[in-house]
Amino acid sequence: MPNRKPHTDSTAEFEALLKSADRTRHYVLRLYVTGTTVRSSKAIANVRALCEEHLQGRYDLKVIDIYQQPDDAQQQQIIAAPTLIKSEPLPPRRLIGDLSDPGKVLIGLDLDRPDTKWVEM
Amino acid sequence: MPRAVRSRLPVLQKAPTGISGFDDITGGGVPRGRPTLVCGSAGCGKSLFALEFLIRGATQFGENGVVMTFEETAEDIRKNVASLGFDVDQLIADKKLVIDFVKVDRNEIEENGEYDLEGLFIRLAHAIQTVGAKRVVLDTIETLFSGLSNQAILRSELRRLFGWLKEREMTTIITGERGDGQLTRQGLEEYVSDCVVLLDHRVVGQISTRRLRVVKYRGSTHGTNEYPFLIDEEGISVLPITSSGLDYEVSPERVTSGVEGVDQMLGGPGYYRGSTVLLTGTAGTGKSSMAAQLARSTCARGERCLYFSFEESPAQILRNMKSIGIDLAPFVRKNLLRFHTTRPTVHGLEMHLVRMHKLIAEFKPTVVMVDPISNMRAAGTLDESTNMLVRLVDFLRKSNILGFLISLSAQGKAIESTDEGLSSMVDTWLLLRDVESNGERNRLLYILKSRGMAHSNQVREFLITPGGIRLVDAYLGEAGVLTGSARLAQEAREAREAQLAAEEVERKRLALDHRRKSTEAQIEALRAAYHAELEEFERIAAGETERRQEAERIRQAMARSRRITGTPALNGRK
């Protein structure tokens with residue numbers, strides 16, 4: 001938890017709080033793929049690399065083959081494959097495709113904010 | 001050889017939808033194992049069409065189904081069809097139906113790189129497998145286009161999906177929203193080329209009518225017209241009513257018109273069963289009363305009568321008819337008589353026709369009354385109402401139902417014509433009119449035509465009495481037809497004349513009697529004279545004989561005295 005500061009700069013305090021939360025928040029990710037297609041493998045590799053780079057130690061990634069788990073596909077409202085669902089932290093997000101653009105994936109997972117950006121604001 | 005080839009060729013298999021009427025116009029339903037596109041604008045009933053196809057498949061044809069819905073949740077669907085009496089929950093519990101709601105939320109979805117719609121395929125395959133489905137509904141798959149931006153992927157995936165469904169021989173209905181200048185917004189008709197059905201909900205003159213048209217049906221003949229359809233508590237009914245031909249059976253049986261005098265005028269037994277009777281008349285000439293008489297006599301035989309009223313409510317009709325001694329209420333209670341009252345402007349004409357068809361098919365009457373047909377104009381143009389009535393008449397004839405059409409003719413118009421131009425359609429045409437004379441108005445009835453029966457050429461006056469309608473003879477006087485009190489005066493005059501004539505005859509008879517008696521006396525006198533003469537004659541004749549015998553005797557005596565003996569006198573003469 002962040003340190004309590006005097007009330008004089010509440011905005012700065014809020015920003016700092018957000019920043020630290022960003023860094024500590026736990027990510028729950030589910031990647032739904034269809035067997036071992038090229039697209040599936042690509043998506044798996046891309047997600048893994050990204051998680052290791054940005055979310056080390058604070059993510060929970062599961063890869064699910066919807067051929068094996070068709071009920072999951074229905075429950076999770078999977079339409080396209082591959083689909084990456086971020087259920088935590090809120091808001092939920094789903095990314096579809098082989099995730100070949102890491103920059104967009106970061107935006108999609110709300111991981112795109114460098115610390116400085118917030119300070120500047 | 002061509003014949004042999006044809007018999008071996010696979011005939012297009014059809015899957016019945018169970019939607020009343022649709023299977024008739026398509027000759028059996030939608031193409032089996034292939035996708036059918038049902039398109040139309042919002043609120044035209046396409047989802048309902050698809051769902052009814054699916055539910056009837058599961059309940060009536062033993063073909064389980066899967067509905068993949070993109071707009072409504074399973075709960076929405078359950079509620080929507082519950083009003084039609086379908087229990088979706090039970091079907092799901094019995095493993096006959098699967099509802100899979102596909103949520104496409106653009107706000108949640110972000111596209112990144114290549115993807116396909118395998119998720120949909122897997123879900124569909126899973127659902128199909130769960131219930132062993134033969135039928136699939138995709139209600140409205142176009143929603144995908146609003147959720148996903150990569151058109152190229154979407155289109156190729158849709159093409160793949162339809163191919164995939166075909167491969168699995170799923171009888172599929174895909175719904176699509178009507179687009180500008182094309183059948184569907186996203187051009188789905190491009191992918192579904194076997195059968196396309198267009199639903200339409202049109203408002204003309206503030207009156208809405210739902211219509212259905214089979215735009216395309218590859219490999220099959222189909223009705224190409226626009227057919228009105230109806231959504232009611234039993235689902236969709238399509239009526240292929242324009243297909244009616246003229247090849248119906250006719251009945252020689254006659255049924256009473258309910259009024260004794262009218263039966264007499266028609267040559268005895270009444271109308272032909274299954275014929276069409278038109279009754280025209282100006283306002284207040286007793287048209288509805290004639291109908292009520294017919295209704296009573298029909299129901300009294302234990303047959304059913306359906307009364308379409310576009311003017312009065314059933315309670316009003318019952319009350320008014322009771323006042324002239326026609327109590328119809330018991331027949332209503334016994335379900336022999338049914339009233340159906342609506343305002344003509346409630347629906348379009350087609351809709352009226354559809355409703356009439358439905359009610360007739362349901363109630364199975366032998367007599368159908370429409371009171372009045374002239375009001376149908378309010379729901380369309382004159383041409384349209386004529387067209388509709390012709391089709392109604394056709395339908396009634398085909399079903400061997402006596403049609404009793406009442407038409408109100410406008411005052412001052414040629415009375416022998418109907419606005420609806422129906423005169424050539426009907427078999428029997430009764431005309432009611434009123435004549436005004438001597439400060440009173442009296443009702444007349446005559447038969448303008450009646451096909452196939454010797455009917456009276458007389459104009460008859462009729463009275464509406466507390467005991468119903470009674471026909472009396474109309475008198476022709478110097479100033480025309482005498483009715484009412486003029487007729488009564490004439491009747492009195494005729495009675496007096498008849499009495500005078502009778503007296504005259506009696507007088508003549510007495511005179512003749514006298515004459516006979518005097519003649520007889522004369523004959524007696526003559527006979528007496530004759531007898532006297534006869535006696536005289538006989539007396540003279542007898543005297544002459546005596547005289548001749550005396551002369552002979554004298555001659556023989558003289559001969560004896562001259563001694564001529566031995567030989568007879570005659571020999572001596574020789």
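Residue numbering restarts at 1 for every chain, and letters A, B, ... go by the order of the sequence lines. All values derive from a computational prediction rather than experimental measurement.
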Item to check | Heavy-atom donor-acceptor pair, N46(A) side chain to L99(A) backbone, under 3.5 Å | outcome: yes
Checklist entry - Is chain B contacted by the side chain of Y32(A), its backbone, both, or neither, given a heavy-atom distance below 4.5 Å? => result neither
Checklist entry - Side chain, backbone, both or neither: which part of R93(A) has a heavy atom under 4.5 Å from chain B? => result both
Next on the checklist: Counting only non-hydrogen atoms closer than 4.5 Å, does F121(B) touch chain A with its backbone (N, CA, C, O), its side chain (CB onward), both, or neither?
Outcome noted: neither
Checklist outcome for this item: In this structure, CG of L48(B) is separated from OG of S83(B) (nearest 0.5 Å) by 7.5 Å
Next on the checklist: Between H126(B) and D71(A), is there a side-chain donor-acceptor contact under 3.5 Å, judged purely by atom types and distance?
Outcome noted: yes
Checklist entry - Knowing that exactly one of T73(B), V67(B), D139(B) qualifies, which makes a side chain to side chain contact (heavy atoms under 4.5 Å, CB included) with F101(B)? => result T73(B)
Checklist entry - Side chain, backbone, both or neither: which part of I153(B) has an atom under 4.5 Å from a heavy atom of chain A? => result neither
Checklist entry - Pick from A43(A), P82(A), G97(A): which one has the most heavy-atom pairs with chain B under 4.5 Å? => result G97(A)
Checklist entry - So among I78(A), T83(A), T34(A), I79(A), which one has a side chain to side chain contact (heavy atoms under 4.5 Å, CB included) with E118(B)? => result T34(A)
Checklist entry - If you count heavy-atom pairs under 4.5 Å with chain A, which of V104(B), D105(B), D116(B) comes out on top? => result D116(B)
